[in-house]
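Working notes, beginning with the structure itself.
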Amino acid sequence: PPASGEPNARTSSQPPTPRLATMCRGEAASSASGRRAAGGKPAEEEVRVVLYGKSVDVSSFARVHPGGAKVLRIFQDRDATEQFAAYHSASARRMLESMLRDAPDAPKPPQQSDAQQRPAASALPSQSALGRAFDELTDELRAKGLFEPHYLDELFKISLVLVPYAVGVVLVGSNAAPLVGALLIGFACYMSGWVSHDYLHHSVFPVHAGGAASLGEEATSKQLKQARANVRLNNAVGYWLGWIQGYEELWWKARHNTHHVVTNEHGNDPDIKTAPVLVFIRNNPTIARGLSWVQRWQQFYYLPVLSIMDLYWRLESHAYLFMRPQAKYWRRTLLLLLSDAFTLWLFHGNYRYLLLMTMLRGFATGVVVFATHYGEDILDGGDHGMTLVEQTALTSRNIKGGHLVNVLTGFISLQTEHHLWPTMPTAHLEEARKHAMAFFHKHGLEYREGSLLECVRLNIKALGSSTSSTSCDHAASLVGGVSRPPLPPFCPCSVAASACVTPLHPSANRPFTVAPPSPPASLRTRHTLRRRPSPQHVLVWFFSPPSPPASLS
């Protein structure tokens with residue numbers, strides 16, 4: 001993908017836009033502010049985030065921001081209004097009021113036109129027509145009660161964690177049926193990941209008051225007090241559910257919350273930083289040429305390697321705590337080590353079952369987690385100017401399968417709705433899906449979904465290497481009848497259903513995935529006669545995704 005701040009669909013000979021120049025000046029100012037002051041002490045880096053039309057200085061707040069300082073630096077001079085409204089409680093909104101009072105107005109982005117000669121709005125994303133329409137939809141869903149808690153459903157979900165976990169501990173600890181017990185504990189930890197995810201997103205005990213665009217000024221002091229108490233309650237339950245798995249709550253928040261607000265942004269989203277084990281190519285020949293000889297087989301070892309995800313996440317969670325000052329974090333470190341000690345003691349003499357449980361749990365979680373984002377578009381890491389709903393449309397995909405699949409995947413299968421309304425209780429996401437689909441259709445956005453198998457196919461296809469100059473040129477050569485270059489062994493365009501990234505999404509100046517036209521029958525026949533399909537071609541064909549719908553909007 002282009003580097004952060006690089007304009008899309010713009011040749012290098014064209015001058016930078018005023019908006020890009022502003023971003024460059026902001027980066028230069030940020031760099032200069034990090035230098036040492038005249039007195040020898042490091043100057044505090046100035047971080048300004050655009051919130052509700054104001055340029056808010058959050059420099060002094062960055063160090064104590066619960067979501068971490070990194071995400072604030074990512075949104076330097078970017079509009080974060082929609083992200084703030086989606087993730088913050090009523091008490092946090094009230095805190096923002098004092099920061100907005102003396103903040104200057106944020107400069108509006110200049111008028112631009114994309115490669116399709118479509119005039120771009122000069123308003124900030126949150127103030128655009130689409131942004132305001134999405135706010136109205138959120139307020140409508142709130143009025144319908146879709147943000148109200150559903151405690152019976154939450155009780156059912158937490159029983160899917162505690163009951164099999166307790167039975168599994170008894171079976172393993174007594175050595176009566178250690179294999180069955182290990183499988184039950186593995187299932188409990190698998191479900192615990194989804195349930196703790198809901199609590200740490202504050203979607204169980206309500207923390208909001210007021211509408212989508214509200215700062216909480218209409219909330220009473222009693223409501224604000226209750227919101228603060230619910231934040232602590234959500235965090236506490238989420239922490240102990242994570243403790244069962246051997247994960248640290250703060251590590252999860254720093255990683256996952258950043259992923260939510262900058263989904264699939266190159267260089268910003270920590271979830272898509274999977275190199276060097278997995279390098280998602282998505283038909284980029286430059287990336288493909290840089291693969292090592294091991295990585296050229298990644299579409300084949302992709303599924304097996306998911307079995308180590310549980311172990312990897314455990315190690316990353318531990319490293320998060322170990323690299324921090326223990327004078328502040330020693331209690332959390334001690335509790336996490338106690339979780340490890342309990343697990344090792346429980347499986348003493350049955351470590352083979354512990355290994356089996358870890359691998360199965362990691363594989364099951366990894367398949368679901370990777371299915372909903374990794375095969376989708378990768379956005380530039382700079383200020384792409386999209387609304388939250390536009391970014392979600394390009395970077396998220398639902399898993400079809402009905403209510404049972406939703407329950408067994410912790411409703412991660414409704415990824416689009418979850419990213420649009422992360423604090424909505426999962427019991428209401430199926431109803432919200434109907435409204436989201438209608439909204440996408442009305443505003444010409446693509447609503448992406450497919451079965452779990454189709455999502456896995458997309459991921460494997462995105463890992464396939466391409467050694468041709470461009471995948472689309474290769475497909476065009478098949479269609480145009482010109483002399484055809486030798487077919488690369490792993491070329492994604494070796495099948496008609498393969499995808500190339502060239503056109504622009506109607507709502508944003510960036511590529512999205514479409515299918516190239518099928519070659520004429522004569523060329524297909526000639527190709528078949530001249531070259532027998534290899535096992536690699538068969539696997540690429542098998543895992544190729546279905547053709548997209550006729551209407552790409």
Side-chain angles (χ1 to χ4, degrees), residues 1-4 6-13 115 264-267 269 272-302 373-382 394-395 457-505 509-519 523-524 527 531 533-545 547-548:
S4 176
E6 180 178 344
N8 289 321
R10 186 182 297 277
T11 60
S12 58
S13 61
N264 280 23
E265 289 187 13
H266 178 62
D269 185 353
I272 62 174
K273 296 179 180 180
T274 55
V277 178
L278 297 173
V279 180
F280 287 86
I281 298 168
R282 298 176 180 85
N283 294 347
N284 189 317
T286 303
I287 300 178
R289 285 193 293 268
L291 297 181
S292 68
W293 69 271
V294 175
Q295 291 168 335
R296 292 182 186 277
W297 294 89
Q298 61 182 352
Q299 65 267 49
F300 301 107
Y301 67 67
Y302 162 68
H373 292 297
Y374 290 77
E376 308 310 313
D377 291 59
I378 298 298
L379 309 181
D380 301 338
L394 289 175
T395 59
R457 286 178 177 177
L458 281 172
N459 286 345
I460 293 179
K461 185 180 178 307
L463 291 166
S465 62
S466 173
T467 56
S468 58
S469 58
T470 62
S471 299
C472 295
D473 289 344
H474 179 65
S477 69
L478 291 176
V479 176
V482 299
S483 58
R484 176 170 50 83
L487 189 65
F490 299 99
C491 177
C493 288
S494 58
V495 290
S498 296
C500 297
V501 179
T502 48
L504 297 173
H505 189 273
N509 185 16
R510 67 154 279 90
F512 72 114
T513 303
V514 298
S518 302
L523 288 180
R524 291 201 302 268
H527 169 69
R531 182 168 182 170
S534 66
Q536 293 92 334
H537 289 98
V538 174
L539 285 172
V540 171
W541 171 83
F542 178 79
F543 286 111
S544 62
S547 299

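Looking at every heavy atom in both residues, His266 comes nearest to Ile378 through CB-CG2, 3.9 Å. The two residues Trp293 and Trp297 have their closest heavy-atom pair at O-CD1, 3.2 Å. Between Tyr374 and Ile272, the closest heavy-atom pair is CE2-CA, 4.0 Å. Nearest heavy atom pair, residue Leu394 against residue Glu376, reads O-CB, 3.6 Å. Scanning both residues, Arg289 and Arg296, for their nearest heavy atoms gives O-NH2, 3.5 Å. Looking at every heavy atom in both residues, Gly375 comes nearest to Ala462 through CA-CB, 4.5 Å.
Looking only at distances, no side-chain donor or acceptor of Tyr301 sits under 3.5 Å from a matching main-chain atom of Leu278. At distances below 3.5 Å, not a single donor-acceptor pair connects side-chain atoms of Gln299 with backbone N or O atoms of Gly464. The closest donor-acceptor contact from the side chain of Asp377 to the backbone of Thr395 lies at 3.5 Å or more, if one exists at all.
Note: Phe280 CZ to Asn459 CG = 5.0 Å, rounded to the nearest 0.5 Å.
Residues Leu291 and Gln298 are in side-chain contact: their nearest non-hydrogen atoms beyond the backbone lie under 4.5 Å apart.
The side chain to side chain donor-acceptor pair (under 3.5 Å) search around Asn264 returns none, not counting sequence neighbours.
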